[in-house]
Amino acid sequence: MKSLQEKIKNAMVAVLRESFDLSQTELTFSQPAERKFGDLSTTLAFVLAKKTQSKPFLVAGELAAKLTGKLDAIEEIRVAGGGFLNFYLRRDDYLKYLWQNLEKPLPAKGEKVIVEHTSINPNKSAHIGHLRNSCLGDILARSCRFLGYEVEVQNYIDDTGIQVADVVWGLLHYQKMDLDGIKKISGLAAYLWDLYAEVNQLFAGNDDLARQRRDVHKKIEEKIDPEYQACRYIAEQVLLDHIRTMEQIGIHYDLLARESDVIALDFFKAAAAEMTARNVMTRSTDPEKKDCLVIHYDRENIEKIIVRSNGTITYVGKDIAYNLWKFNLLPRDFCYRLFHTYPDGHAIYMTQSEPARQTRPFGRGQKVYNVIDVRQSYLQNLIAQVLAQLGHPGPSANFIHFSYEMVALTPACVREMGLKLEAGEENKPYIEVSGRKGRAVKADELIAQLNEKSLREIQSRNPALAEAEALPLARTIAVAALRYFMVKFNLNTVIAFDFKEALNFEGDSGPYLQYTMVRLNSILKKSTAAGLEAERVPGSMQRLEAREKELYWEMILNLSLLETQVEFALQNHELSSLAAYAYGLCQKFNHYYHLFPVLAEKDADIRNLRLSLIRIFKNKVEKLLAVMGIAIPDRM
RNA sequence: GCGCCUGUAGCUCAAUGGAUAGAGCGUUGGCCUCCGGAGCCAAAGGCUAUGGGUUCGAAUCCCGUCAGGCGCGCCA
C-alpha cells in the first residue's frame, strides 16, 4: 500500500509550490515528538524565514493560511514552538483508508538488486561474525523484496584460497590422511575448526611449514591430486554445512558463485583487458613491486597490487571481475547447475565452468549490495572507483558496500568458553573473533543453545506439551531471538558478544515480539469462537473515551507507516530501525491491550473498533516481522 | 604516520539538526475474581568524554584535545 502520508505530503508540496519557490530538499516532514504537536510536522518555516530574513513564526502563519482548506486529509493546521507547522489529520478517514488498503502490496519497481552476503571461506564452521553478516544480508534482501525489487541473493565461495590449503595440508600432510579417511570424518566443518587453529599455531614462525603450505596451495591451483581432490571435497562439504546452518535460521540463497569458476572462465582476463586499455591498471614503477600490475587507489594515494610478480591474481582482482559480471559489464558468463533444493522448493544454483544448459539468467543487476564488514571498506571503495574509471558511472553509484562492524567477544565471554586471554587482553573492551586462534562462538553451537533454552522455556510454560510438538515452536523462537539480536544494533556498532544478552528472551528481544503476536492471535481466535461480529469497516474513533482515543490513534498512525519505515531503513542503511519500529509497536500494543479488554467489552461499536485495531496490527506487524525473517509460533 | 569509526543512565544500546535525550538489563516497589506474567505499571539513575564554533535550535554539523577500535599485505 502506498503510504497515505506520502500522498498528503505530495499534495502539500503541490499547494505550496504555487506561492513559494521551493526545492524538493527543503520540504521535509517528520513525526512530531509528541501527539499534541499533531500527526505530521514540517520545519519549512524556519528554512524560508532564513531566506527572506523574516521571523519563522510569521512565515509559519503564512504557510498555514495558504494550506488551510486545500487538503482533504487535513483537519487542522497549527503553528507551534516558534515556527513548527503541525498538521492534524482527519482520523476517521485515515483509519478507513488504511483498513481498505491493507492487502495492497507495493508495486514492482522493475529493478533487479543483487545482494551478496555470507561468503564464508569453506574451510571450517561458521561463527557468530558470519551470523551477523548473513542475518543482515538476509534482512536486506527481504526489505528489498518487500519494497518491490527483484532480488537475487548470491553467496561467493572462495574455494581456491590459501585458507582451504591450510586445512588440506593439515589433513593430508600433518595428519597423514587420504581422501577416504577424510570422507569418514563426521562433522567435518567442526573438525576443521580445531584443525585450522592448530595448524595455524604450527605455521607461526616456521619457514619450512610455510613453504609446504605454499606448495599445497600451488598444487591446488594446478589441479594436482591428491591436494586438488581433497580441496574440492572439503570446500563442497563445508559449504553444505554452512548452507545447513543458515537454513536453520531461514536464510536461503539463489546462487553460489565459485571463485574457481571466476578463474577458469577467464573473467579476470576480460576485466584486465578493459582495465589495461583504459589505463586503470598499469605496470608498477615501484622497484619493490617489479613486474606487478597495480591500480592506483586515489582516495588514499595507495598503489594496490592486482597481479603479483609471479602472474597470479590477488583477491581484489578477482572481486573486480566478479562485480563487473554482476552488472553485466563483462563479455563472459558462468554456466550453472542445480545445487540444492530447499524443503519449500526454492532452488540454489551453483556456478560451474563446464558448459551446461543455462537455467536462468543470473546477474545483470541494476543495483549491487555487498554485505561485507567494515574492515574491507578500502577494497570495496577501490572497486567502486574502478567501475567509474571504466566508464560506468551508473553501476559505480549503484555499487553499494553494505558495511557493518564486526562481532567481537568480551573478555568475560572468552574466559567463559574456557579459552585463555593473552597479556593485556583482560582490560580490552572486546576481543576480535579469530578463526586462526579458534576464538569464536560457533554458529551451530549458539543456535543449539538458543534452541535448548527456548525448549526449556516452552516446556516450563506448557508442561503437557509433547516434545515433538514443542521442538518446532522452540526453533521458531530461537530464530527470532537470534535474528533480532543481530539486527537490533546499528551497523557501526561493534557487537561485544555476550551469551546472557544473546540468550535474552525478555524485553527488547525477538521472542517479545512473537509473544505479543501470539496473544493477539489468541484474542482473535476467542473472538471467532465466541461468535462475535465478523470483520467490517471500523466505525468512528469518536466513540472512544479520551484516553483510549489517543492511544488508538497513535497506533493507527504508527502502523500506517510500515512501508515508509522499510524504505527508510533501506535508504539509510539502518536495518536496526526496523527492530526499533517493531519493538515500539509491540510495546504500545501490550500497553493498550492491558488497559482496554476486547472480548469483555459490552458496547458492540467499541468492541468492533478494538477488533479492527487488532486486525490491522496483525496485518502490518506480520509483514514487518516477515521482513526481519521472524515467524510467529502458534503458541509459546 | 595516513585514512575510517566510536565515546550518551551502573551495564548493553536507541534517538531523519527540532519541541521535555529514550529503551532493555540490573536495582527498588507495585499489578491476574479480568482476552496468556516471555506481560503490565511506577521509582531511582544524564553537564550526551572534553574545550571552542556554526545555527532560531546541536548528542547529532565544523575545528581542537583526550580515550578506545579498525584499516593501510605480492593474505583472503
Side-chain angles (χ1 to χ4, degrees), chain A residues 28-34 36-37 41 43 45-46 49-50 55-57 80-84 86 119 121 158 160-164 259 284 288-292 294 297 299-302 304-310 312 314-316 318-319 373-379 381 403 405-406 408 410 428-430 432 454 457-458 460-461 477 488-490 492-496 498 500-501 504-509 511-516 518-520 522-527 530 568 571-572 574 576-577 579-580 583-584 587 590-591 593-601 610 614 635-636:
Chain A
T28 57
F29 292 89
S30 63
Q31 293 297 115
E34 284 183 61
K36 69 176 177 191
F37 296 132
S41 175
T43 55
F46 293 108
K50 179 173 284 181
K55 290 204 161 57
F57 188 78
F84 288 95
N86 296 333
S119 306
N121 283 326
D158 178 3
T160 61
I162 190 90
Q163 326 217 19
V164 186
E259 182 165 295
S284 178
E288 281 189 12
K289 294 175 183 165
K290 194 169 175 293
D291 298 327
C292 290
V294 297
Y297 179 47
R299 196 164 139 182
E300 289 182 43
N301 198 20
I302 292 169
K304 179 65 195 166
I305 292 171
I306 304 300
V307 180
R308 301 185 188 97
S309 51
N310 67 4
T312 56
T314 58
Y315 160 72
V316 221
K318 291 175 257 190
D319 218 23
D373 82 49
V374 67
R375 288 172 292 188
Q376 288 201 37
S377 293
Y378 139 63
L379 295 173
N381 289 337
S403 160
E405 263 291 358
M406 60 181 176
T410 60
K428 285 192 154 196
Y430 46 75
E432 202 172 343
S454 59
E457 297 283 340
I458 285 183
S460 77
R461 289 169 171 82
I477 293 162
K488 75 187 240 188
F489 300 97
N490 282 349
N492 49 14
T493 297
V494 175
I495 299 180
D498 180 80
K500 212 178 111 210
E501 275 177 62
N504 176 34
F505 290 2
E506 285 163 21
D508 189 15
S509 70
Y512 175 91
L513 309 180
Q514 291 177 312
Y515 184 69
T516 306
V518 167
R519 288 170 83 180
L520 175 153
S522 162
I523 296 171
L524 284 179
K525 241 181 266 167
K526 286 190 173 150
S527 145
F568 176 90
Q571 290 297 317
N572 294 283
E574 221 27 288
S576 62
S577 65
Y583 183 56
Q587 271 186 318
N590 282 324
H591 178 68
Y593 137 116
H594 194 257
L595 292 174
F596 306 105
V598 178
L599 302 176
E601 176 56 45
R610 291 180 186 165
I614 287 185
R635 56 199 290 191
M636 62 191 285

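Letters A, B, ... are given to chains in the order of the sequence lines, protein chains preceding strands, and every chain is numbered from 1.
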Hey, does [X] reach any base, or is it just sugar-phosphate, or nothing, if we go heavy atoms under 4.0 Å?
X        : value
A:Ile302 : sugar-phosphate
A:Ile306 : nothing
A:Phe596 : base
A:Leu595 : nothing
A:Lys525 : nothing
A:Val518 : base
A:Leu379 : base

Quick one: are [X] and [Y] in side-chain contact, heavy atoms under 4.5 Å?
X        : Y        : value
A:Tyr593 : A:Arg610 : no
A:Met406 : A:Val374 : no
A:Arg519 : A:Asn590 : yes
A:Ile614 : A:Ile523 : yes

Take the protein atom [atom1] of [X] and the nucleotide atom [atom2] of [N], then report the distance between them rounded to whole Å.
X        : N     : atom1 : atom2 : result
A:Tyr315 : B:G73 : OH    : C1'   : 14 Å
A:Tyr593 : B:C40 : OH    : C1'   : 10 Å
A:His591 : B:C41 : NE2   : P     : 5 Å
A:Phe57  : B:G57 : CZ    : P     : 18 Å
A:Leu524 : B:G36 : CG    : C1'   : 14 Å
A:Ile495 : B:C13 : CD1   : P     : 9 Å
A:Ile477 : B:G39 : CD1   : P     : 12 Å

>> How would you summarise protein contacts on nucleotides 16-26 of chain B per nucleotide, using B for base, S for sugar-phosphate only and - for none, with heavy-atom distances below 4.0 Å?
In response: B-BBB--SS--

> Which letters describe nucleotides 65-71 of chain B, given B = protein heavy atom under 4.0 Å from base, S = only from sugar-phosphate, - = neither?
Replying inline: ---SSSB

> How long is the gap from CZ on A:Phe596 to NE2 on A:His591, to the nearest 0.5 Å?
Replying inline: 7.5 Å

> Roughly how far, to the nearest 0.5 Å, is CG of A:Asn492 from CD of A:Glu405?
Replying inline: 7.0 Å

> Cut-off 3.5 Å, side chains only: do A:Ser509 and A:Asn504 have a donor facing an acceptor?
Replying inline: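 Result is no, nothing qualifies.
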
Please give the distance between the [atom1] atoms of [N] and [M] as a whole number of Å.
N     : M     : atom1 : value
B:C4  : B:U16 : P     : 23 Å
B:C61 : B:A14 : P     : 15 Å
B:G53 : B:A58 : C1'   : 11 Å
B:A38 : B:C75 : C1'   : 46 Å
B:G30 : B:G22 : P     : 27 Å
B:U60 : B:G17 : C1'   : 7 Å
B:C47 : B:C32 : P     : 37 Å
B:G45 : B:C62 : C1'   : 33 Å

Between [options], which nucleotide gets closest to the side-chain atoms of [X]?
X        : options             : result
A:Asn490 : B:G36, B:C74, B:A14 : B:A14
A:Gln376 : B:C35, B:A76, B:A38 : B:A76
A:Asn590 : B:A38, B:C40, B:C35 : B:C40

>> My understanding is that only residues two or more places apart in sequence, or in another chain, count here; which of them pass salt bridge (Lys or Arg N to Asp or Glu O under 4.0 Å) with A:Asp158?
In response: none

> Got a sec, which residues hit salt bridge (Lys or Arg N to Asp or Glu O under 4.0 Å) with A:Arg375, two or more places apart in sequence or on another chain?
Replying inline: A:Asp373, A:Glu432

> For A:Tyr378, which residues count as a ring-ring contact (aromatic ring centres under 6.0 Å, His included) partner, sequence neighbours excluded?
Replying inline: A:Tyr297

Between [X] and [Y], is there a donor-acceptor pair closer than 3.5 Å when you use the side chain of the first and the backbone of the second?
X        : Y        : answer
A:Arg461 : A:Met636 : no
A:Thr314 : A:Val307 : no
A:Asn381 : A:Ser377 : yes

Can a side chain N or O of [X] be found less than 4.0 Å away from OP1 or OP2 on [N]?
X        : N     : result
A:Asn310 : B:C74 : no
A:Arg519 : B:C35 : no
A:His594 : B:C41 : no
A:Asn492 : B:U6  : yes
A:Tyr515 : B:A38 : yes

> Mind pulling the stems RNA chain B is in, i.e. runs of at least three Watson-Crick or G-U pairs, everything under 3.5 Å?
Replying inline: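 Stems for RNA chain B, defined as runs of 3 or more consecutive pairs: B:1-7 with B:66-72, B:10-13 with B:22-25, B:27-31 with B:39-43, B:49-53 with B:61-65.
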
>> Show the nearest heavy-atom pair for residues A:Gly507 and A:Tyr512, with the distance to one decimal.
In response: O-CB, 3.0 Å

> Taking all atoms of both residues into account, what is the closest heavy-atom pair of A:Phe46 and A:Gly82, and its distance?
Replying inline: CE2-O, 4.0 Å

> More 5' along RNA chain B: A:Met636 or A:Thr160, using each one's nearest nucleotide?
Replying inline: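 The answer here is A:Met636.
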
>> Using heavy-atom distances to pick each residue's nearest nucleotide on RNA chain B, tell me which of A:Pro511 and A:Ile305 is more 5'.
In response: A:Pro511

> Is there a donor and acceptor pair closer than 3.5 Å between the side chain of A:Ser309 and the base of B:C74?
Replying inline: yes

